[in-house]
Structures are given as structure tokens and as C-alpha cells.
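Basis for what follows: all heavy atoms, side chains included, without hydrogens, waters or symmetry-related copies.
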2 protein chains.
Amino acid sequence: MAEEKLHEAIDAMKNSGVRITPQRHAILEHLIQSMSHPTADEIYKSLEGKFPNMSVATVYNNLRVFKEIGLVKELTYGDASSRFDCVTTDHYHIICDDCGKIVDFHYPGLDEVETLAEQVTGFRVGDHRMEIYGKCPDCQKSKH
Amino acid sequence: MAEEKLHEAIDAMKNSGVRITPQRHAILEHLIQSMSHPTADEIYKSLEGKFPNMSVATVYNNLRVFKEIGLVKELTYGDASSRFDCVTTDHYHIICDDCGKIVDFHYPGLDEVETLAEQVTGFRVGDHRMEIYGKCPDCQKSKH
DNA sequence: TACACTAATTATAAACATTACAAAGTAATA
DNA sequence: TATTACTTTGTAATGTTTATAATTAGTGTA
């Protein structure tokens with residue numbers, strides 16, 4: 001299924017007229033397979049072996065491209081660096097205040113919130129994001 | 001009413017054993033009165049007149065203190081710097097993709113989402129945030 | 001397949017927000 | 001007043017992200 005997602009993503013790139021370079025392929029592959037929410041630097045470091053000459057700028061450039069096509073979402077929390085999440089099915093994130101762990105959390109889309117927001121504000125709504133904060137099971141146990 | 005909020009905030013500081021310095025008073029006052037979502041630098045610049053010697057570090061330090069007491073929330077969007085929002089009544093934000101305008105948007109708290117998240121993930125939930133993205137009325141008119 | 005056009009990559013420098021640190025100042029308490 | 005702990009200040013340092021120019025590499029067409 002990761003294979004399939006990758007193909008879909010590559011098709012999306014073709015349709016948008018975006019060239020498919022080895023670096024882009026590798027970044028996408030890593031995002032899909034990692035099942036996590038890596039920072040740009042983490043992606044850069046994890047591809048060091050395959051692409052010893054790849055520049056950090058390439059990672060940033062392509063994450064921006066993927067974002068523009070809609071393949072990837074940028075997650076900005078309070079901490080230093082953004083994290084990037086492959087857009088697959090609708091889901092939200094729940095984040096541990098103590099250890100920073102991020103867990104995916106599926107929930108029927110909040111369409112009614114979007115609709116009401118349109119009516120109240122006059123915006124044309126395209127998207128929304130939500131994060132839930134709390135304490136993960138592990139950190140609940142370790143009462144310091 | 002801004003006056004009143006300020007007093008409440010100052011009481012909260014007293015209860016938390018946090019000293020009320022002129023700088024803290026001014027930062028809080030600005031946050032409450034501005035009715036916007038300023039960056040740390042905007043706060044710094046707007047208080048330059050009153051406090052010519054105030055350091056940027058002071059602004060950052062105190063915003064962190066306010067956050068810890070629960071007086072202020074940090075809003076991190078994709079852009080360079082965080083914005084800070086006085087915690088008053090429950091509300092969310094709707095943000096224009098084009099011009100970056102941020103508009104408050106009231107909505108009955110999503111308590112049922114928090115509850116479900118607890119059940120599904122085992123987290124103990126304390127808080128959540130949501131942002132809605134779209135195109136504001138002004139930017140809809142100016143079809144580029 | 002080779003060519004030409006355009007886009008992408010690289011390497012580096014720069015910008016920028018935020019934090020760390022030490023020294024000086026200030027409030028609270030006894 | 002002396003002591004203590006907390007705040008502010010100024011500056012340096014850190015770390016992420018972007019800008020730039022030169023080089024390299026995809027892609028469509030002959």
C-alpha cells in the first residue's frame with residue numbers, strides 16, 4: 001500500500017507538471033514509509049546515505065513543492081522546526097505535552113465547523129487543522 | 001472591559017507568585033487592548049516608546065511566563081514567527097491563505113472530540129487548538 | 001538518439017526568530 | 001538595612017529556513 005501511495009503521489013506530480021527527480025522520489029518515499037512526522041533535517045539526515053551530495057535546500061524546496069501540490073502538510077508546533085506529514089486519509093494529531101510524542105487520531109471530518117465558519121466570517125474555506133494536547137499513557141505512568 | 005481583563009490577569013499573576021513588573025504590565029495591557037495577534041517583535045516595537053531600554057529577551061521571557069500561567073496562547077502558523085493571543089473566551093481562528101489575515105471565530109467547544117480522543121488514544125487530554133484556512137472576503141474580490 | 005529548453009540541484013551565504021548567559025538592577029522579606 | 005531570589009538588560013550564540021548564482025539534469029521534440 002505504501003507502494004501504491006507512492007505511485008499516486010508520482011502521478012499527482014506528473015499532472016502538476018513537476019519533474020520527478022531521484023531526490024524528490026526519495027523524499028516522498030521516506031515520508032510515506034516512515035509513518036512518522038519528520039522534520040526537514042531528519043529527512044535530510046536519513047537520505048544522507050543514498051544522496052551524499054544532496055543539499056538541505058533541496059529538501060526544503062521540495063517540501064514546499066509537495067505542499068503546493070497538496071501531497072504534504074506542514075505541522076508547526078511551538079518547537080523549533082516544522083514537521084511534515086503525508087496527506088493520506090483525514091486525521092488529526094494528538095500531542096504529548098511532556099515528551100512530544102505525536103499520535104494520529106482519526107475522526108469524522110469537522111465539515112459542519114467549516115460550513116459555519118464560512119457563514120459567520122464570509123471566508124471561502126478550503127481546509128482546517130486541529131491538534132489535541134495532553135499527556136500520553138507512558139508519561140501518565142511516570143509520575144515524576 | 002479591557003480594564004477588567006487586565007485586573008483578572010494581574011490577579012492570576014499574583015496567585016501564581018509572579019511579580020508584576022512595569023514591563024509585564026505593559027506587555028499584558030498591549031495584548032489585551034490590541035485585539036490582534038501580535039508577534040513578539042510587534043509587541044517589542046510598540047512598547048519602544050514607553051520602555052526605550054526594554055530588551056527583546058524580556059518580551060520573550062514574559063510571553064513564556066504568561067503561557068505557563070495560562071494567560072496567553074502561542075499560535076504557530078507556517079510563517080516565520082509565532083503570534084500570541086490573550087486567552088479570553090473559547091474561540092478559534094480562521095486565516096486567509098492569501099493575505100494572512102486572522103479572524104476570531106467563536107464556536108461551541110469541541111468537547112466531544114476531546115472525549116473521543118481520550119478513549120481512542122489513552123491520552124489524558126488537556127487542550128486542543130484548531131485553525132481554519134481559506135480566502136477572506138477582500139481577497140476573494142481581488143481576483144488576480 | 002541527440003538537442004535545446006527549462007527546471008532542479010548544489011553549495012554557500014544570509015536572514016531571521018528565538019534562546020542562553022552573565023551582569024546589573026529591583027522587589028520582598030526578615 | 002541586609003539578604004535573598006527574581007527580573008531585566010545587552011549581547012552573543014544557536015538553529016531553522018531562505019536567497020542566490022553557478023552547475024547539473026529531466027523532458028519533449030526533431
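Comparing the end axes of the helix from C:dT1-D:dA30 to C:dA30-D:dT1, each fitted to five base pairs by superposing C1' atoms of four pairs onto the next four, gives an inter-axis angle of 30° (nearest 10 degrees).
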Exercise for review: Assign a letter to each nucleotide of nucleotides 24-30 of chain C from its 5' end: B, base within under 4.0 Å of a protein heavy atom; S, sugar-phosphate only; -, no contact.
Suggested key: ---B---
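Residues forming a side-chain contact (heavy atoms from CB on, under 4.5 Å) with B:S16 (at least two apart in sequence, or on another chain): B:V18, B:I69. For B:K101, the side-chain contact (heavy atoms from CB on, under 4.5 Å) test picks out B:C96, B:C99, B:V103, B:C136, B:D138, with sequence neighbours left out. With sequence neighbours excluded, the residues that form a side-chain contact (heavy atoms from CB on, under 4.5 Å) with B:S36 are B:S34, B:P38. Residues satisfying the salt bridge (charged side-chain N to carboxylate O under 4.0 Å, His left out) test with B:D104, not counting sequence neighbours, are none. Partners of A:E131 under the side-chain contact (heavy atoms from CB on, under 4.5 Å) rule, at least two apart in sequence or in another chain, are A:Y77, A:H93, A:I95, A:R129, A:Y133, B:R129.
Along DNA chain D, the stretch of nucleotides lying under 4.0 Å from any heavy atom of chain A spans, 5' to 3', D:dT16 to D:dT27.
Residues in residues 6-30 of chain B take part in these salt bridge (charged side-chain N to carboxylate O under 4.0 Å, His left out) pairs, two or more places apart or across chains: B:E29-B:K50. Sequence neighbours left out, the pairs with a member in residues 60-69 of chain A that pass salt bridge (charged side-chain N to carboxylate O under 4.0 Å, His left out) are A:K67-A:E74.
Contacts between residues 33-48 of chain A and DNA chain D, counted as heavy-atom distances below 4.0 Å, involve no residue at all. Listed by residue number, A:A57, A:Y60 are the residues of residues 55-76 of chain A with a heavy-atom contact under 4.0 Å to DNA chain D.
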